[in-house]
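Contents: one structure, followed by commentary.
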2 protein chains.
Amino acid sequence: MALAEHACSRESAVAARIDSAPCNACPVRSMSVCSALEVDELKRLADILVSVKVDAGHTLFAEGDGADTLFNVTAGTMKLYKLLPDGRRQITGFLLPGDFLGLSINDTYAYSAESVTPATLCRFPRRRLEGLLEDYPKMQRRLFAMASSELAAAQDQMLLLGRKNAKERIASFLLMLSERAKRRGYAENPVHVPMSRSDIADYLGLTTETVSRTFTQLKTSRVISLLEGGKVRLNDLEILQELAEGA
Amino acid sequence: MALAEHACSRESAVAARIDSAPCNACPVRSMSVCSALEVDELKRLADILVSVKVDAGHTLFAEGDGADTLFNVTAGTMKLYKLLPDGRRQITGFLLPGDFLGLSINDTYAYSAESVTPATLCRFPRRRLEGLLEDYPKMQRRLFAMASSELAAAQDQMLLLGRKNAKERIASFLLMLSERAKRRGYAENPVHVPMSRSDIADYLGLTTETVSRTFTQLKTSRVISLLEGGKVRLNDLEILQELAEGA
DNA sequence: ATCGTGCCTTGATCTAGATCAAAGCGAGAG
DNA sequence: CTCTCGCTTTGATCTAGATCAAGGCACGAT
């Protein structure tokens, strides 16, 4: 029996305590921290989590907020970003189902989190999840592995932001989206690109205009095709790969 | 009794099995993974590590090499970097004593590691360290905390690379170095800047010329002073902070 | 001492991408 | 059906920082 409530400090979100055997049927179980746990252990996880549904454009939390909840994306796409005082924005990552968010060193979030599409997430009280990590070292290890691969992705992104030109950035971005979709079992070619030009720009350190022009260039040179509903067909993976590395 | 040997596949490095009670006296014990262990537990760590000394400019390992060793910096400064096929380089981080390197998701390094100054490191066989992590969950947790804070630093760096201008980048860089030095108990103001202009450029996504000009500008406006031996005095932290955030 | 060989700095010019400006275009509201 | 409003595309111009080009300076080797 699900009960609706107001979930977050910001705007409205619908939260529902999971009825029964929740995690077992979870579509992202195999992708996330949960994959570290056995069926019976999952019960303890289910006990501390609440499922949250949000509309597109919902701010889950903002940089500097007290970081007492962690989340796991189960459906939809989220974006994480940082702002400079004058409003310049850097999106540090897009999250897909299975991704974790909310980790922080001190006790405040180091970035803001907002949904790109309608999304659902599992919400965990930080303290209680930490308790679980103490009891289940394999879960701790799994979380460490996830953080490590995020770190590797962050280093790739530094190379992109520091040294690649606009075309290389867009090519890399499309390949990355396609690769991630594939590993989660979604369509990898036509790849779904749900975020706006302006989000892409803020992720790649460009402007909307440059992103738009570069998409047009790639389309004109037949390397990609822009389809309906935010889908992009990658017509020549090989060329795209070369473009991405500037070879 | 120390025995010298050739350590790495690349160039020569001097490795020495530690004689006795090694970690106890280690200058960076409190800063690194080791801080998670008690004196008696440290013995097991000491058993699997070898101390390595390298000259400045020594390549410890290269991107793509088999990642079967991990390192902990005990003295000196290291740099990690990624290369594009045409030689463009992005330095993804500078490591100070206490920092860990060598983590990888698959079994190859995702970046190259080279010493900026003469350095000493502890070298661990990956398998055996992983064994230790299984036995000591608190060490696992400590490593996770270190990875998390590296991740947070990487996100800051994305903001810098994606959205800050040259002056903001240099100001941020100097403040970051000073802050890190402070937390490790080194001099924070005149701050030691051991890396070349070209390394700084490749870390900040600029060219040597721009780095040099920007240092000159900051010097001319009396915000910093360039001292002997790669030291930089930060004359006005407040202004520097404002410059860094573009306020 | 003198010579090189790498840095580092400074100057002149160029350019990729930003900025400024103005149409298209499309989905939801009325 | 038509009107908006927000997003996207395209065009014209501008500029921060890259690139090209000399010198200057310091330190190790001869």
Side-chain angles (χ1 to χ4, degrees), chain A residues 55-57 79 84 86-91 114 116-118 160-174 193-221 224-232 243 246, chain B residues 55-57 79 84 86-91 114 116-118 160-174 193-221 224-232 243 246:
Chain A
D55 292 336
K79 65 189 177 204
L84 286 171
D86 64 1
R88 279 174 289 174
R89 182 178 69 150
Q90 178 66 37
I91 291 182
E114 186 180 325
V116 172
T117 65
L160 179 149
L161 291 170
R163 291 301 183 213
K164 290 186 181 180
N165 65 31
K167 205 184 249 183
E168 290 161 357
R169 291 180 199 209
I170 297 286
S172 305
F173 175 66
L174 290 172
V193 182
M195 57 290 285
S196 69
R197 294 287 181 258
S198 140
D199 280 351
I200 298 175
D202 282 348
Y203 181 60
L204 299 179
L206 300 170
T207 58
T208 44
E209 293 94 329
T210 299
V211 169
S212 179
R213 280 187 245 273
T214 308
F215 267 105
T216 306
Q217 271 179 256
L218 289 174
K219 189 180 65 177
T220 306
S221 60
I224 63 171
S225 309
L226 302 181
L227 312 179
E228 307 248 288
K231 296 250 189 296
V232 176
L243 281 180
Chain B
D55 293 335
K79 64 187 178 206
L84 286 171
D86 64 1
R88 278 173 289 171
R89 182 177 68 151
Q90 179 65 37
I91 291 182
E114 184 180 326
V116 172
T117 64
L160 179 148
L161 291 170
R163 290 302 180 212
K164 290 186 182 180
N165 66 30
K167 205 183 248 185
E168 291 161 357
R169 291 180 197 209
I170 297 287
S172 305
F173 175 65
L174 290 173
V193 182
M195 57 291 284
S196 69
R197 294 290 180 258
S198 140
D199 280 351
I200 297 174
D202 282 349
Y203 181 60
L204 299 179
L206 300 170
T207 58
T208 44
E209 292 95 327
T210 299
V211 170
S212 180
R213 280 186 245 272
T214 308
F215 268 106
T216 306
Q217 270 178 258
L218 289 173
K219 189 179 66 177
T220 305
S221 59
I224 65 172
S225 307
L226 303 180
L227 311 179
E228 306 249 288
K231 298 251 189 294
V232 177
L243 281 181

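In the text below, chain A, chain B and the rest are named by the order of the sequence lines, each starting its count at 1. Worth knowing before you read on, the calculation uses all heavy atoms, side chains too, and leaves out hydrogens, waters and symmetry mates.
Between A:Glu228 atom CD and C:dC25 atom P the separation is 14 Å, expressed in whole Å. One interatomic measurement links the two molecules: CG of A:Asp199 to P of D:dG6, which rounds to 16 Å at whole-angstrom precision. A:Asp86 has its CG atom 15 Å from the P atom of C:dA18, to the nearest Å. The CG atom of A:Asn165 sits 15 Å away from the C1' atom of C:dA18 (whole-angstrom rounding). Between A:Leu204 atom CG and C:dA16 atom C1' there is a gap of 16 Å when expressed in whole angstrom units. Rounded to an integer number of Å, the gap from A:Leu206 CG to D:dT8 C1' is 16 Å. Atom CD1 of A:Ile170 and atom C1' of C:dA16 are 14 Å apart (whole Å).
One finds the CD1 atom of B:Ile170 at 8.5 Å from the CD1 atom of B:Ile224 (value rounded to the nearest 0.5 Å). Separation of atoms CD1 (B:Ile91) and CD (B:Glu114) is listed at 8.5 Å; rounding is to 0.5 Å. The distance from atom OG1 of A:Thr214 to atom CZ of A:Arg169, rounded to the nearest 0.5 Å, is 10.0 Å. In this structure, the separation between CG on B:Leu204 and OG1 on B:Thr210 is 10.5 Å, given to the nearest 0.5 Å.
Between the side chain of A:Arg197 and the main chain of A:Glu209, no donor-acceptor pair closer than 3.5 Å is present. Proximity of a side-chain donor or acceptor of A:Ser212 to a complementary backbone N or O of A:Thr208 within less than 3.5 Å is not detected.
A:Gly230 comes within 4.0 angstrom of no nucleic acid atom, judged by non-hydrogen atoms across all strands.
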Set out, line by line, the N/O atom pairs under 3.5 Å between protein and nucleotides 6-13 of chain C.
from	atom 1	to	atom 2	distance (Å)
C:dC8	OP2	B:Arg197	N	2.8
C:dT9	OP1	B:Arg197	NH2	3.4
C:dT9	OP2	B:Arg197	NE	2.6
C:dT9	OP2	B:Ser212	OG	2.9
C:dT9	O5'	B:Ser212	OG	3.1
C:dT10	OP2	B:Thr216	OG1	2.7
C:dG11	N7	B:Arg213	NH1	2.8
C:dG11	O6	B:Arg213	NH2	3.2
C:dA12	N6	B:Arg213	NH2	3.3

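OP1 or OP2 of C:dA18 has at least one side-chain nitrogen or oxygen of A:Thr207 nearer than 4.0 Å.
The two atoms that bring B:Ala171 and B:Leu243 nearest to each other are CB-CB, 3.9 Å, heavy atoms only.
Two residues are said to be in side-chain contact when any heavy atoms from C-beta on lie closer than 4.5 Å; A:Asp199 and A:Arg89 meet this criterion. Between B:Met195 and B:Lys79, the closest side-chain pair of non-hydrogen atoms is not below 4.5 Å.
Axis orientation changes by 30° from one end of the helix from C:dA1-D:dT30 to C:dG30-D:dC1 to the other, with each end axis drawn from 5 pairs and the value rounded to 10°.
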